[in-house]
Amino acid sequence: MAPITYLTRIASFSAAHRLHSPHLTDDENKALYGKCNHPNFHGHNYKVEITIKGEVNPDTGMVMNLTDLKDCIKSSIMDVLDHKNLDCDVEYFYKRPSTTENLAVFVWLNFDHHFRNHPARHSTNARLYKVKIHETESNVVEYMGEGLPLENGNGNANLS
């Protein structure tokens, strides 16, 4: 058995959002979310950490080539979220509040989908282990795939 290690890559993106739940009244949203419920949105410079777990390949000395991991992060996170309005540009948030908790779940689902379908995935036994999102210096959310929604039969979680 080969040693198992955890490989983390960090990326940053900027995005706007409005904390507003379609399941609550306007007054309830204002009371719950305060200034973050402003109808003209607000933004953050998010930092996201993607951690994968896998066996070190004895031939390459790697769990996964960092270039391939960077490519998966670009296609699943940066291209989708950077300089976007989460509530208007990302369908996942049409039906749920764009909290950092929900953002972490979205990043997990979208990264995992791209990672599973990336050509380099076939040369590694690595799997997604953790998503960590820094909304601010003081506010951080971690998600490790618990309580995932049912898959749609193709092995891909429904992102809508």
Side-chain angles (χ1 to χ4, degrees), residues 1-19 36 41-160:
M1 184 167 139
I4 295 174
T5 63
Y6 299 78
L7 175 64
T8 300
R9 174 111 183 144
I10 301 170
S12 298
F13 65 93
S14 299
H17 72 139
R18 175 188 186 203
L19 292 182
C36 294
F41 307 96
H42 68 281
H44 296 282
N45 294 316
Y46 294 95
K47 182 170 76 170
V48 61
E49 300 179 26
I50 299 295
T51 302
I52 61 170
K53 172 186 178 179
E55 293 180 2
V56 176
N57 180 310
D59 297 328
T60 66
M62 299 184 289
V63 171
M64 179 179 187
N65 189 312
L66 280 171
T67 301
D68 295 327
L69 181 56
K70 182 179 176 183
D71 183 52
C72 285
I73 289 172
K74 180 185 180 311
S75 60
S76 65
I77 300 169
M78 303 306 291
D79 292 349
V80 177
L81 299 175
D82 192 31
H83 286 82
K84 301 291 184 352
N85 182 318
L86 300 179
D87 303 310
C88 299
D89 299 328
V90 182
E91 186 177 348
Y92 185 80
F93 295 108
Y94 293 177
K95 300 176 187 172
R96 58 187 56 86
S98 55
T99 62
T100 308
E101 294 90 337
N102 279 334
L103 181 59
V105 173
F106 172 79
V107 167
W108 177 285
L109 293 170
N110 210 38
F111 177 84
D112 195 49
H113 170 74
H114 282 82
F115 182 62
R116 288 176 188 257
N117 292 297
H118 193 278
R121 175 69 178 93
H122 305 293
S123 63
T124 179
N125 66 355
R127 65 174 181 82
L128 179 56
Y129 177 74
K130 179 171 63 175
V131 169
K132 185 174 187 178
I133 298 183
H134 301 253
E135 181 186 53
T136 66
E137 277 188 32
S138 304
N139 301 335
V140 179
V141 171
E142 294 182 340
Y143 182 63
M144 298 172 75
E146 298 157 324
L148 280 176
L150 295 176
E151 294 184 337
N152 66 16
N154 296 326
N156 301 325
N158 185 353
L159 297 180
S160 59

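In what follows, every heavy atom counts, from backbone to side chain, and hydrogens, waters and symmetry copies are set aside. The first residue of the sequence shown is numbered 1, and numbering continues consecutively from there.
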- Query: Should I77 and I50 count as side-chain neighbours, where that means a heavy-atom distance under 4.5 Å?
  - Reply: yes

- So, does H17 use its side chain to make a donor-acceptor pair with the main chain of S98 at under 3.5 Å? yes

- Item | Heavy-atom pair of closest approach, residues S14 and N45 | OG-OD1, 2.6 Å

- Note on the structure: Note: N102 and P97 closest approach over all heavy atoms is ND2-O, 2.8 Å

- Item | Approximate separation, where rounding is to 0.5 Å, of T8 OG1 and Y129 OH | 10.0 Å

- Spatial distance of atom CZ (F106) from atom OG1 (T99) [nearest 0.5 Å]: 13.0 Å

- Looking only at non-hydrogen atoms, find the nearest pair between F41 and C88 and report the distance. CZ-SG, 3.9 Å

- Using atom types as modelled and distance alone, determine if a side-chain donor or acceptor of H118 lies under 3.5 Å from a backbone N or O of A120. yes

- Query: Which pairs, with at least one residue in residues 52-61 and sequence neighbours excluded, count as a side chain to side chain donor-acceptor pair (under 3.5 Å)?
  - Reply: E55-N125

- Task: Indicate the ring-plane relationship of Y143 and W108, choosing parallel, tilted or perpendicular according to the 30° and 60° boundaries.
- Result: perpendicular

- Please report the shortest heavy-atom distance between M62 and N65, naming the atom on each side. SD-CA, 3.9 Å

- Item | Flag, side chain of D89 to backbone of N85, donor-acceptor distance under 3.5 Å | yes

- Flag side-chain contact, heavy atom, 4.5 Å: T124 against I52: no

- Measure the CZ-CZ distance between R116 and R127 for me, rounded to the nearest 0.5 Å. 10.0 Å

- Query: Judged by atom type as modelled, is there a donor-acceptor pair below 3.5 Å linking the side chain of D82 to the main-chain atoms of F13?
  - Reply: no

- By salt bridge (charged side-chain N to carboxylate O under 4.0 Å, His left out), K130 pairs with (sequence neighbours left out) E142

- Smallest separation among heavy atoms of F93 and L103, with atom names: CZ-CA, 3.7 Å

- Task: Give, for atom CG of L19 and atom NE2 of H42, the distance between the pair rounded to the nearest 0.5 Å.
- Result: 5.5 Å

- Message: Could you work out, with salt bridge (charged side-chain N to carboxylate O under 4.0 Å, His left out) as the rule, every residue matching D79, not counting sequence neighbours?
- Response: K74

- Task: Go through L81 and V107 one step at a time and tell me if the side-chain contact (heavy atoms from CB on, under 4.5 Å) criterion holds.
- Result: CA-CA 9 Å; L81 299 175; V107 167; 3.9 Å; yes

- So F115 and F111, would you call those rings parallel, tilted or perpendicular, with 30° and 60° as cut-offs? parallel

- Message: For a 4.5 angstrom cut-off between non-hydrogen side-chain atoms, does L109 reach V105?
- Response: yes

- Heavy atoms only: give me the nearest M64-L7 pair and the separation to one decimal. O-CD2, 3.8 Å

- Side chain to side chain, T100 and N139, heavy atoms closer than 4.5 Å: no

- How long is the gap from OH on Y46 to NE2 on H134, to the nearest 0.5 Å? 13.0 Å

- Query: Are any of the side-chain heavy atoms of V141 and E135 separated by less than 4.5 Å?
  - Reply: no

- Task: Kindly compute the distance separating NE2 (H44) from OG (S12), expressed to the nearest 0.5 Å.
- Result: 14.0 Å

